[in-house]
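Structure first, commentary second.
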Amino acid sequence: MFCGEYVQGTIFPAPNFNPMMDAQMLGGALQGFDCNKDMLIDILTQRSNAQRQMIAGTYQSMYGRDLISVLKEQLSSHFKEVMVGLMYPPPSYDAHELWHAMKGPGTDENCLIEILASRTNGEIFQMREAYCLRKEIHKYANREEGYSDPAMAAQDAMVLWEACQQKTGEHKTMMQMILCNKSYPQLWLVFQEFQNISGQDLVDAINDCYDGYFQELLVAIVRCIQDKPSYFAYKLYRAIHDFGFHNKTVIRILIARSEIDLMTIRKRYKERFGKSLFHDIKNFASGHYEKALLAICAGDVEDY
């Protein structure tokens, strides 16, 4: 992220919020064989996550049923994934996505890399607590906070440079330790020192020296430190255009970043790729699924 830049989400707490009224309207929308999907979108995409948790609690008291369970029963396909995803508290949503990424014989490395490279210490700690993922993601929650040391930055940059040259197991471990453990302000200095030492951007050096998922993890960490909204704009573009609209990635990023920096991600997307995120979602998605994604995106005609 550009130093000192203000980032903004697309979903904010609704004014004049009434959880009892919202729960009643959801109860009506979810009755019968053909539920009112427009009503679900209008309520759940226009409330903050904290407000949705209050709605869920009120719904449970009114109807004696868990709202997430009812949504899972009544809805289907990608629209269900969006509506259910909106109902999880952020740490639980991240943990849920990680658990599914690690479940079964095939691991979804792209999901693991995206989440673990982009979340803060606090977010990873809450995620670990939410689903008891302590063993699996322990090493990603040890980043130092706040301070920077120019002398140490020069040393760390030299270690990274040597790691790019030597490529031994020990050097790979040292590189990962620096990128996973040093504070963001410290890594800003390290990246500048690396450029001075090598005459090369660290991302380019990593791409030249490594491949596979190790390379993708390191690049993701560096890009998130440099400019997190740009990283997510890039991930969304690839998910939409390079993977034939990879629904799980698009849904995950829009929900996870909706109250943090999705508006800034939209801005980066338009700047970098020429067309708006709103335009590309409209071209690839359809029906109530499209309508839900666009509502989270907070797009309008000007974005088309």
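No chain of hydrophobic side-chain contacts below 4.5 Å, direct or via other Ile, Leu, Val, Met, Phe, Trp or Tyr residues, connects Met152 to Met158. Clustering ILVMFWY residues whenever any of their side-chain heavy atoms sit less than 4.5 angstrom apart, transitively, puts Ile43 in the very cluster that holds Met54. Hydrophobic clustering, with ILVMFWY side chains joined whenever heavy atoms are under 4.5 angstrom apart, groups Leu75 together with Leu67. Tyr234 and Phe278 fall into different hydrophobic clusters, where Ile, Leu, Val, Met, Phe, Trp and Tyr residues are linked whenever their side-chain heavy atoms come under 4.5 Å apart, directly or through other members. Both Trp188 and Leu160 belong to a single network of hydrophobic side chains, linked directly or stepwise wherever heavy atoms of I, L, V, M, F, W or Y lie under 4.5 Å apart.
The neighbour count for Asp242 CG, taken as heavy atoms of other residues, nucleotides or ligands under 6.0 Å away, is above 12. The environment of Met25 atom CE is sparse: at most 12 non-hydrogen atoms of other residues, nucleotides or ligands sit within 6.0 angstrom. In this structure, Met62 places its CE atom where more than 12 heavy-atom neighbours from other residues, nucleotides or ligands lie under 6.0 Å away.
Ser61 places a side-chain N or O within donor-acceptor distance of the main-chain N or O of Gly57, the cut-off being under 3.5 Å. A donor-acceptor pair is defined here as one N or O able to donate and one able to accept, closer than 3.5 Å; no such pair exists between the side chain of Gln51 and the backbone of Pro13. One N or O on the side chain of Glu123 and one on the backbone of Thr120 form a donor-acceptor pair closer than 3.5 Å. A distance-only check finds a donor-acceptor pair linking the side chain of Thr10 to the backbone of Ile296 [under 3.5 Å]. A donor-acceptor pair is defined here as one N or O able to donate and one able to accept, closer than 3.5 Å; no such pair exists between the side chain of Gln200 and the backbone of Gln195. Between the side chain of Arg52 and the backbone N or O of Leu44 there is at least one donor-acceptor pair closer than 3.5 Å. Without hydrogens or angle criteria, Ser92 side chain to Tyr88 main chain gives no donor-acceptor distance under 3.5 Å. Of the possible polar contacts, one joining the Asn207 side chain to the Val203 backbone as a donor-acceptor pair under 3.5 Å is found. Between the side chain of Arg266 and the main chain of Ala298, a donor-acceptor pair closer than 3.5 Å is present. Thr264 places a side-chain N or O within donor-acceptor distance of the main-chain N or O of Gln8, the cut-off being under 3.5 Å.
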How far apart are the C-alpha atoms of Lys80 and Glu73, what are their side-chain angles, what is the distance that settles it, and do they pass the salt bridge (Lys or Arg N to Asp or Glu O under 4.0 Å) test? CA-CA 9 Å; Lys80 174 173 77 172; Glu73 288 174 10; over 6 Å; no
For salt bridge (Lys or Arg N to Asp or Glu O under 4.0 Å), just list the numbers for Asp38 and Lys291, CA-CA rounded to whole Å, side-chain angles, deciding distance to a tenth of an Å, and then say yes or no. CA-CA 9 Å; Asp38 289 318; Lys291 188 173 180 181; 2.8 Å; yes
Evaluate the criterion salt bridge (Lys or Arg N to Asp or Glu O under 4.0 Å) for residue pair Lys182 and Asp156; output intermediate values, then yes/no. CA-CA 10 Å; Lys182 299 293 182 177; Asp156 288 340; 3.5 Å; yes
Where do Asp149 and Gln186 land on the side-chain hydrogen bond (donor to acceptor under 3.5 Å, both in side chains) test, with the steps shown first? CA-CA 6 Å; Asp149 179 342; Gln186 181 69 11; 5.6 Å; no
In sequence, state the C-alpha distance, the side-chain angles, and the governing distance for Phe273 and His241, and then conclude on ring pair (Phe, Tyr, Trp, His ring centres under 6.0 Å). CA-CA 11 Å; Phe273 303 113; His241 292 277; 7.8 Å; no
Using the rule given for side chain to side chain contact (heavy atoms under 4.5 Å, CB included), can you reason through Gln60 versus Arg65, listing the C-alpha separation, both sets of side-chain angles and the distance that settles it, and then say yes or no? CA-CA 5 Å; Gln60 176 87 44; Arg65 297 205 62 194; 5.7 Å; no
Working note: Phe17 + Ile55, criterion side chain to side chain contact (heavy atoms under 4.5 Å, CB included); need CA distance, chi angles, decisive distance, verdict. CA-CA 10 Å; Phe17 172 58; Ile55 293 169; 3.8 Å; yes
Take Ile115 and Met127, measure what side chain to side chain contact (heavy atoms under 4.5 Å, CB included) needs, and give me the verdict at the end. CA-CA 10 Å; Ile115 291 176; Met127 194 194 313; 3.8 Å; yes
Side chain to side chain contact (heavy atoms under 4.5 Å, CB included) between Val219 and Glu216: does it pass, once the steps are laid out? CA-CA 5 Å; Val219 167; Glu216 289 183 28; 5.9 Å; no
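Of the inter-residue distances, the one linking Ile206 atom CD1 with Leu202 atom CG reads 4.0 Å to the nearest 0.5 angstrom. If you take CZ on Phe194 and CG on Leu189, they are separated by 15.0 Å, rounding to the nearest 0.5 Å. Rounding to the nearest 0.5 Å places SG of Cys209 at 11.5 Å from NE2 of His171. One finds the CZ atom of Phe79 at 6.5 Å from the NE2 atom of His288 (value rounded to the nearest 0.5 Å). One finds the CD atom of Gln74 at 9.5 Å from the CD atom of Gln31 (value rounded to the nearest 0.5 Å). The CG atom of Leu179 sits 8.5 Å away from atom CG of Leu217, with the distance rounded to the nearest 0.5 Å.
By the 4.5 Å heavy-atom criterion applied to side chains, Asp227 and Arg268 are counted as neighbours. Using a 4.5 Å cut-off on side-chain heavy atoms (C-beta onward), Lys248 and Asn110 make no contact. Looking at heavy atoms from C-beta onward, Leu30 lies in side-chain contact with Tyr59 at the 4.5 angstrom threshold. Put simply, the side chain of Leu112 does not reach to within 4.5 Å of the side chain of Asp108, judged on heavy atoms. Under the 4.5 Å side-chain criterion, counting only non-hydrogen atoms from C-beta, Met174 is in contact with Glu170. Inter-residue side-chain proximity for Ile41 and Met83 is flagged as met; some heavy-atom pair is nearer than 4.5 Å. Between Arg143 and Tyr184, the closest side-chain pair of non-hydrogen atoms falls below 4.5 Å. You'll find the side chain of Leu254 stays beyond 4.5 Å of the side chain of Val82, heavy atoms only.
Heavy-atom minimum distance, Phe245 versus Ile281: CE1-CA, 4.3 Å. Among all heavy-atom pairs drawn from Ala205 and Cys164, the shortest one is CB-SG, 4.0 Å.
By the 4.0 Å N-to-carboxylate-O rule, Asp94 lies too far from Arg252 to be salt-bridged with it.
Under the side chain to side chain donor-acceptor pair (under 3.5 Å) criterion, Tyr289 pairs with Asn247, not counting sequence neighbours.
Residues Gln53 and Asn49 bring a donor and an acceptor atom of their side chains to less than 3.5 Å of each other. Checked by atom type, the side-chain pair Tyr269/Asp280 shows a donor-acceptor distance below 3.5 Å. Using a 3.5 Å distance cut-off with no hydrogens or angles, the side chains of Asn181 and Gln176 do not pair a donor with an acceptor. Between the side chains of Ser276 and His279, no donor-acceptor pair is found at a separation under 3.5 Å. Side-chain polar atoms of Glu97 and His100 form no donor-acceptor pair below 3.5 angstrom.
Applying the salt bridge (charged side-chain N to carboxylate O under 4.0 Å, His left out) test to pairs two or more places apart or on separate chains, those with a residue in residues 12-27 are Asp22-Arg47.
Figure legend: cation-pi geometry between Lys172 and Tyr210 absent, as NZ or CZ is not positioned both under 6.0 Å from the six-membered ring centre and within 45° of its axis.
Screening Leu236, Leu293, Val250, Leu294 for a side-chain contact (heavy atoms from CB on, under 4.5 Å) with Leu277, the sole residue that qualifies is Leu236.
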